[in-house]
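Working notes for the structure below.
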Amino acid sequence: NIITKDSSRTQDWAIDARAGTLDRRVGARYGGRLGPRGSYRVYGLGLMQGSLVRPDGTNAGDSWNLVQGGFRADWERAAGAFTLQGDVYRGTGIGRPAFRSSGSISGGNISATWDRRFGDGSTLQVRTYFNNTSRALVSGIDARLDQYSAEAQYDFSPRKGHAMVVGAGYRRTDDHLERGPGTVFLDPESRTLRFMDVFAQRRIEERLGPDADVEVVALALQMAHHQRSHATVALAHDPDARRTQEGGELLHLPRGDLW
C-alpha cells in the first residue's frame, strides 16, 4: 500500500522546479478546504530526462519524459473518516529506437478508504482500489494490466482482555501482452487471476497471578482461494518465549510483535 499525507496537512501552494545538465522537473500542488470537515489537494508533475552520451560522443537516443497529475480528498467526522484519491500519468518509454521509434507508458489509479468508529470501541475499515497500466515497448511489445481489489476489516473486543479481528478481501488481475516482431510471447496472451481470503484472529491477555507477567495467547485463521483453496491456522503462546504452530509445523519465532 502507498500511504500519502492527509490533505489537511498540505494546504495552500507548493511549487518545486529543478534543472540539470540531463534532467528537468517541475511540480505544483495546491490544497484547500471542502466545507468544515473536508479538505483536498491536487497536483501536477512534469519530468524530462535527456539522452545519455556514448563514449564516442554520439547521442544514445534514450531520452524520456513523464507527465502526472492527481488528487486526494479527506472528510473527517467524530465517528470516522473517508478518503478518496487518484493519479493519472502518461509518458514516453525508455529504450533505444527499434521496431518503434519510441515507447510509451500510461495509466491511472483510484482508491477509497472508509473508517468507522463505534461507541463500544470497535472499528470497521473498508478499502477499494483500481489500477490500470499500459506500456508499449520499442521492441513492439504491448502490455496492459488492470487490477481491482476490495477488503474489509472489523476490530472489536468480545470481552475484557480479548481482542478480535475479522475480515475478508478480494483481488482480481487482468493482464494482456501482445508480442512484437521476434520477441518473446506468452501463451495465452491474456489471463485473469482472482484471489479471495477470509481471516480471523483472536488475542487473549491473561494475568496468571498478582505478580505474574501477562500471558498472551493468539489464534489466527485464514482461508484463501487462489486457483485452489487452502486454510491456515496459527497459534501463538507467549508466557516467556514464543513458538507458533502453523500447518502442522513448529516454527520458533523471536520475541517481538505478535503479527
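Index from 1, following the sequence. This is a predicted model, so every value here is computed, not measured.
The pair Asp74-Arg72 meets the salt-bridge criterion, with a side-chain N (NZ, NE, NH1 or NH2) lying under 4.0 Å from an Asp/Glu carboxylate O. Salt-bridge annotation for Arg144 and Asp146: absent, with no side-chain N of the basic residue lying under 4.0 Å from a carboxylate O of the acidic one. The pair Arg41-Asp6 does not meet the salt-bridge criterion, since no charged nitrogen lies less than 4.0 angstrom from a carboxylate oxygen.
Between Arg194 and Arg171, the closest side-chain pair of non-hydrogen atoms is not below 4.5 Å. Residues Thr123 and Arg116 have side chains not in contact (no heavy-atom distance under 4.5 Å, counting atoms from C-beta outward). Residues Arg90 and Val67 form no side-chain contact, since every pair of their non-hydrogen atoms from C-beta on lies 4.5 Å or further apart. Counting only heavy atoms from C-beta outward, the side chains of Val166 and Gln153 never approach each other to under 4.5 Å. By the 4.5 Å heavy-atom criterion applied to side chains, Asn65 and Leu47 are not counted as neighbours. Residues Leu177 and Asp175 form no side-chain contact, since every pair of their non-hydrogen atoms from C-beta on lies 4.5 Å or further apart.
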Going through the distances and angles, do Leu45 and Tyr89 end up as a side-chain contact (heavy atoms from CB on, under 4.5 Å)?
CA-CA 9 Å; Leu45 175 67; Tyr89 57 89; over 6 Å; no
Could you walk me through whether His176 and Glu189 satisfy the side-chain contact (heavy atoms from CB on, under 4.5 Å) test, starting with their C-alpha distance in whole Å, then the side-chain angles of each, then the deciding distance to 0.1 Å, before giving a yes or no?
CA-CA 6 Å; His176 179 79; Glu189 292 186 341; 3.8 Å; yes
Could you walk me through whether Gln85 and Ile110 pass the side-chain contact (heavy atoms from CB on, under 4.5 Å) check?
CA-CA 6 Å; Gln85 59 184 355; Ile110 189 167; over 6 Å; no
Could you walk me through whether Arg25 and Asp16 pass side-chain contact (heavy atoms from CB on, under 4.5 Å), step by step?
CA-CA 8 Å; Arg25 167 191 174 121; Asp16 177 53; 3.4 Å; yes
Decide salt bridge (Lys or Arg N to Asp or Glu O under 4.0 Å) for Asp115 and Arg77; before the verdict, give the C-alpha distance in whole Å, the side-chain angles of both, and the deciding distance to 0.1 Å.
CA-CA 10 Å; Asp115 291 280; Arg77 291 183 176 274; over 6 Å; no
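Within a 6.0 Å sphere centred on CZ of Arg24, heavy atoms belonging to other residues, nucleotides or ligands number 12 at most. The 12-atom threshold is exceeded at CZ of Arg33, counting heavy atoms of other residues, nucleotides or ligands nearer than 6.0 Å.
Both Phe71 and Tyr30 are members of a single hydrophobic cluster when ILVMFWY side chains are connected at heavy-atom separations under 4.5 Å. Under the 4.5 Å side-chain heavy-atom criterion for grouping Ile, Leu, Val, Met, Phe, Trp and Tyr, Phe118 is not connected to Val165 through any hydrophobic cluster. Cluster membership check: Val126 shares its hydrophobic cluster with Phe156, using side-chain heavy-atom separations under 4.5 Å among Ile, Leu, Val, Met, Phe, Trp and Tyr. Hydrophobic cluster membership is shared by Tyr154 and Trp114, with clusters built from Ile, Leu, Val, Met, Phe, Trp and Tyr side chains linked at under 4.5 angstrom. Leu22 and Val53 sit in two unconnected hydrophobic clusters of ILVMFWY residues. Membership requires side-chain heavy atoms under 4.5 Å apart, directly or through other members.
One side chain, Ser7 or Ser39, offers a donor N or O that lies under 3.5 Å from an acceptor on the other. Side chains of Gln49 and Asp23: a donor-acceptor N/O pair is absent below 3.5 angstrom, by distance only. Side-chain contact annotation: Arg202 with His162, donor-acceptor N/O pair under 3.5 Å present. Tyr43 and Asp87 form a side-chain donor-acceptor contact under 3.5 Å, judged by distance and modelled atom types alone. Judged purely by distance below 3.5 Å, without hydrogens or angles, the side chains of Arg203 and Gln201 never pair a donor atom with an acceptor atom. Counting only N and O atoms by type, the side chains of Ser149 and Tyr170 include no donor and acceptor under 3.5 Å apart.
For the residue pair Ala28 and Trp13, the shortest heavy atom distance occurs at CB-CZ3, 4.5 Å. Closest approach of Ile141 to Gly180, counting heavy atoms only: CG1-N, 3.8 Å. Between Leu84 and Ala112, the closest heavy-atom pair is CD1-CB, 4.0 Å. Counting all heavy atoms, side chain and backbone alike, Asn131 lies closest to Gly108 at OD1-O, 3.3 Å. Contact detail for Ala150 and Thr128: the closest heavy-atom pair is CB-CG2, 4.2 Å.
With Arg117 contributing its side chain and Ala78 its backbone, the two residues share a donor-acceptor pair below 3.5 Å. The closest donor-acceptor contact from the side chain of Asp62 to the backbone of Leu52 lies under 3.5 Å. Proximity of a side-chain donor or acceptor of Ser111 to a complementary backbone N or O of Tyr129 within less than 3.5 Å is not detected. A donor-acceptor distance shorter than 3.5 angstrom exists from the side chain of Ser51 to the backbone of Ser63, with no hydrogens or angles considered.
Residues passing the side-chain hydrogen bond (donor to acceptor under 3.5 Å, both in side chains) test with Gln11: none are found, sequence neighbours excluded. Here Phe130 pairs with Tyr148 under the ring-ring contact (aromatic ring centres under 6.0 Å, His included) rule; sequence neighbours left out.
Going from atom OG of Ser106 over to atom CG of Asn132 covers 7.0 Å, rounded to the nearest 0.5 Å. The distance from the CG atom of Leu137 to the OG atom of Ser102 is 11.0 Å, given to the nearest 0.5 Å. Expressed to the nearest 0.5 Å, how far CZ of Arg127 lies from OG1 of Thr83 amounts to 10.0 Å.
In this pair, Trp75 and Phe82 present their aromatic rings tilted. The plane angle is within the 30 to 60° band.
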